[in-house]
There are 2 protein chains.
Amino acid sequence: MDTPAPRRRTRIQQEKRDVILEAALEVFSANGFRGATIDQIAEAAGMSKPNLLYYFRRKEDIHETLMQRLLDTWLAPLRALDDVGEPLTELKRYIRRKLEMARDFPRESRLFANEILQGAPRIMPLLEGELKGLVDDKAAVIKGWMQAGKIIRTDPYHLIFSIWATTQHYADFDVQVRAVLGPGRSDESRFEDAARFLEGLFLEGLKPKG
Amino acid sequence: MDTPAPRRRTRIQQEKRDVILEAALEVFSANGFRGATIDQIAEAAGMSKPNLLYYFRRKEDIHETLMQRLLDTWLAPLRALDDVGEPLTELKRYIRRKLEMARDFPRESRLFANEILQGAPRIMPLLEGELKGLVDDKAAVIKGWMQAGKIIRTDPYHLIFSIWATTQHYADFDVQVRAVLGPGRSDESRFEDAARFLEGLFLEGLKPKG
DNA sequence: CTAACGTTTGTCCATCCGGTCAAAATTTGC
DNA sequence: GCAAATTTTGACCGGATGGACAAACGTTAG
């Protein structure tokens, strides 16, 4: 009655929970919450299903823990967007960092996309609370830059959305990007091209000079 | 043996199949393929499960039919991208049309996103064939504009990707956009703001003039 | 050494879900 | 009006899946 779930005390618990979360990230991101089975996760984690359920009592608990951890790393680049540097440089760096995250953590991106696509049933409070708060802050910073004439006047919220959309596209829609570009290009050159393109798009737009 | 599936002859068949597809679009787009159940679709279509299975023998058949129909309408705006008009105007129109589709057909967008996110297991051939072919064509058109000095020189493929990403974001990540923007704005003003922002982004970029 | 505690496993259960089937109800062609 | 064809339904099946449980196994502290 006193220990409804085993507390994270022992070293083993901490390690096993990490193994499970890593396995769950793989399985959830590839199949969605509903599409993933506990058996799959258990196998990927190298343990039996009852053993896994000893560390996480319900499938949803795994998912919830995963989403909480995810959001922190996921929003780190936006948190780092700061008032100190030159605005255009700051934005450029933000775009590059987001694109690197799409390249290096595509599973996290897809897990998140899956959750949002289904209507965010499990993380809606986080979106309306933590996420909205952060975006409001950063939108204010960007607005300051606009008022100082450092960047063109436009909607800072939609600017953030467009950076999210374009960068995460390379993780979430990876198979489509690959299919369209064909087998010729390497992963690296694909991301280099994307980085170069996005930098040009956000800084210069499409209109030719003069 | 001769009629493996009922042929689409009678009026009833045609009508019922349409009702089922409409219901399936609703359910699939909200829950994904795996997350959707035949019972849910049958209920949304106002008929019993065996009755539904009389028109589509397998769950996958419904999904496949849906995806085939979808892709046509979905790619129509890109097909309409033409060499005749002024390049910047053409691109502006394309962006606007895509954004309108995200507003008017969000379920279709989410259905498609769901499929791609899962690795496009059911439509990979379409991506590598029809879709790639179309994008190759249009990328060539855009490249022509670049060579004629009508728009800045950049990667036409990533340009198309970025238009897809930014516009579909408003359908696929709708709940997140709403959560961040808060309850203040109406649907209409949200899309107007987005349209205005995207037009400015793609045409002018962020750098201030002069 | 041993008792207490933490970990692992095999077995089992209830429910859900995709799909079948035969019989009943309805529509259609003549 | 009636026979053939089409449509609809209730009952059912087998496999998958989330989760419970108790017994066995291992570890640790005294």
Side-chain angles (χ1 to χ4, degrees), chain A residues 1-28 30-67 114 118 121-122, chain B residues 1-28 30-67 114 118 121-122:
Chain A
M1 299 290 169
D2 248 24
T3 50
R7 315 265 169 78
R8 269 132 280 165
R9 292 191 193 117
T10 71
R11 199 182 333 149
I12 290 184
Q13 294 229 355
Q14 196 50 262
E15 288 171 4
K16 290 293 173 84
R17 282 176 68 97
D18 284 349
V19 170
I20 291 170
L21 288 173
E22 158 65 25
L25 173 60
E26 186 72 28
V27 177
F28 277 139
N31 303 97
F33 180 78
R34 192 84 198 290
T37 73
I38 299 183
D39 283 293
Q40 285 175 328
I41 300 173
E43 188 183 342
M47 63 181 72
S48 65
K49 178 168 68 167
N51 196 8
L52 182 149
L53 285 168
Y54 170 72
Y55 293 102
F56 291 91
R57 288 216 315 239
R58 295 181 308 154
K59 184 185 177 184
E60 218 176 326
D61 292 348
I62 310 175
H63 191 265
E64 194 186 319
T65 307
L66 215 45
M67 292 298 300
N114 246 311
Q118 313 294 325
R122 279 168 276 271
Chain B
M1 301 293 168
D2 246 26
T3 50
R7 315 269 171 76
R8 267 133 280 162
R9 291 189 194 119
T10 70
R11 199 183 334 150
I12 289 183
Q13 295 229 354
Q14 195 51 263
E15 288 171 4
K16 289 293 172 82
R17 283 177 66 99
D18 284 348
V19 170
I20 291 170
L21 288 174
E22 159 65 25
L25 173 60
E26 186 72 28
V27 177
F28 278 139
N31 304 95
F33 180 78
R34 191 87 199 289
T37 73
I38 298 184
D39 282 293
Q40 284 175 328
I41 301 173
E43 187 182 341
M47 63 181 72
S48 66
K49 178 168 68 167
N51 195 10
L52 182 150
L53 285 167
Y54 170 72
Y55 293 102
F56 292 90
R57 289 215 315 238
R58 295 181 308 154
K59 184 185 177 184
E60 220 177 324
D61 292 348
I62 311 175
H63 192 264
E64 194 187 319
T65 307
L66 216 44
M67 293 298 299
N114 248 311
Q118 313 294 325
R122 280 168 276 271

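Proteins get letters first, then strands, A, B, ... in listed order; numbering begins at 1 in each.
- Atom CD of B:Glu43 has 12 or fewer neighbouring heavy atoms from other residues, nucleotides or ligands inside a 6.0 Å radius.
- With rounding to the nearest 0.5 angstrom, the CD1 atom of A:Ile20 is 13.5 Å from the CG atom of A:Leu25.
- The CE atom of A:Met67 lies 14.0 Å from the CD1 atom of A:Ile62; values are rounded to the nearest 0.5 Å.
- In this model, the phosphate group of C:dT7 is approached by a side-chain N or O of A:Gln13 to a distance below 4.0 Å at OP1 or OP2.
- A side-chain donor-acceptor contact under 3.5 Å links A:Gln40 to the backbone of A:Thr37.
- A:Arg122 contributes atom CZ, which lies 5.0 Å from atom NE2 of A:His63 (distance to the nearest 0.5 angstrom).
- Between A:Phe28 and A:Phe33, the ring-plane angle classifies as parallel under the 30° and 60° cut-offs.
- Proximity of A:Tyr54 to the phosphate of C:dT9: no side-chain N or O atom is located under 4.0 Å from OP1 or OP2.
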Got a list of protein N/O to nucleotides 18-23 of chain C N/O distances below 3.5 Å?
from	atom 1	to	atom 2	distance (Å)
C:dG18	OP1	B:Ala36	O	3.2
C:dG18	OP1	B:Lys59	NZ	3.0
C:dG18	OP2	B:Ile38	N	2.9
C:dG18	N7	B:Lys49	NZ	3.0
C:dG19	OP2	B:Lys59	N	2.9
C:dG19	O6	B:Lys49	NZ	3.2

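- Between B:Lys16 and the phosphate of D:dT8, there is a side-chain N or O to OP1/OP2 separation shorter than 4.0 Å.
- With rounding to the nearest 0.5 angstrom, the CD1 atom of B:Ile41 is 10.0 Å from the CZ atom of B:Phe56.
- A side-chain donor-acceptor contact under 3.5 Å links A:Arg17 to the backbone of A:Tyr55.
- Note: CD1 (A:Ile41) to P (D:dG19) measures 10 Å, nearest angstrom.
- Between the P atom of C:dC16 and the CD atom of B:Glu43 lies a distance of 14 Å, rounded to the nearest Å.
- Between atom CG of residue B:Leu66 and atom CG of residue B:Asp61 there is a gap of 12.0 Å, rounded to the nearest 0.5 Å.
- Look at B:Asn51 and you'll find a side-chain N or O under 4.0 angstrom from OP1 or OP2 of D:dT9.
- The distance from atom CZ of A:Phe56 to atom C1' of C:dT7 is 15 Å, rounded to the nearest whole Å.
- Across its full length, the helix from C:dC1-D:dG30 to C:dC30-D:dG1 shows an angle of 10° between the axes of its 5 terminal pairs at either end, rounded to 10 degrees.
- In this structure, A:Leu52 places its CG atom 13 Å from P of D:dA20, rounding to the nearest Å.
- For the pair A:Ser48 and C:dT8, the criterion of a side-chain N or O lying under 4.0 Å from OP1 or OP2 is not met.
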Contacts under 3.5 Å, N or O only, protein and nucleotides 24-30 of chain C:
none

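- With A:Lys59 contributing its side chain and A:Ala36 its backbone, the two residues share a donor-acceptor pair below 3.5 Å.
- With rounding to the nearest 0.5 Å, the separation of CD1 in B:Ile38 from OG in B:Ser48 is 11.5 Å.
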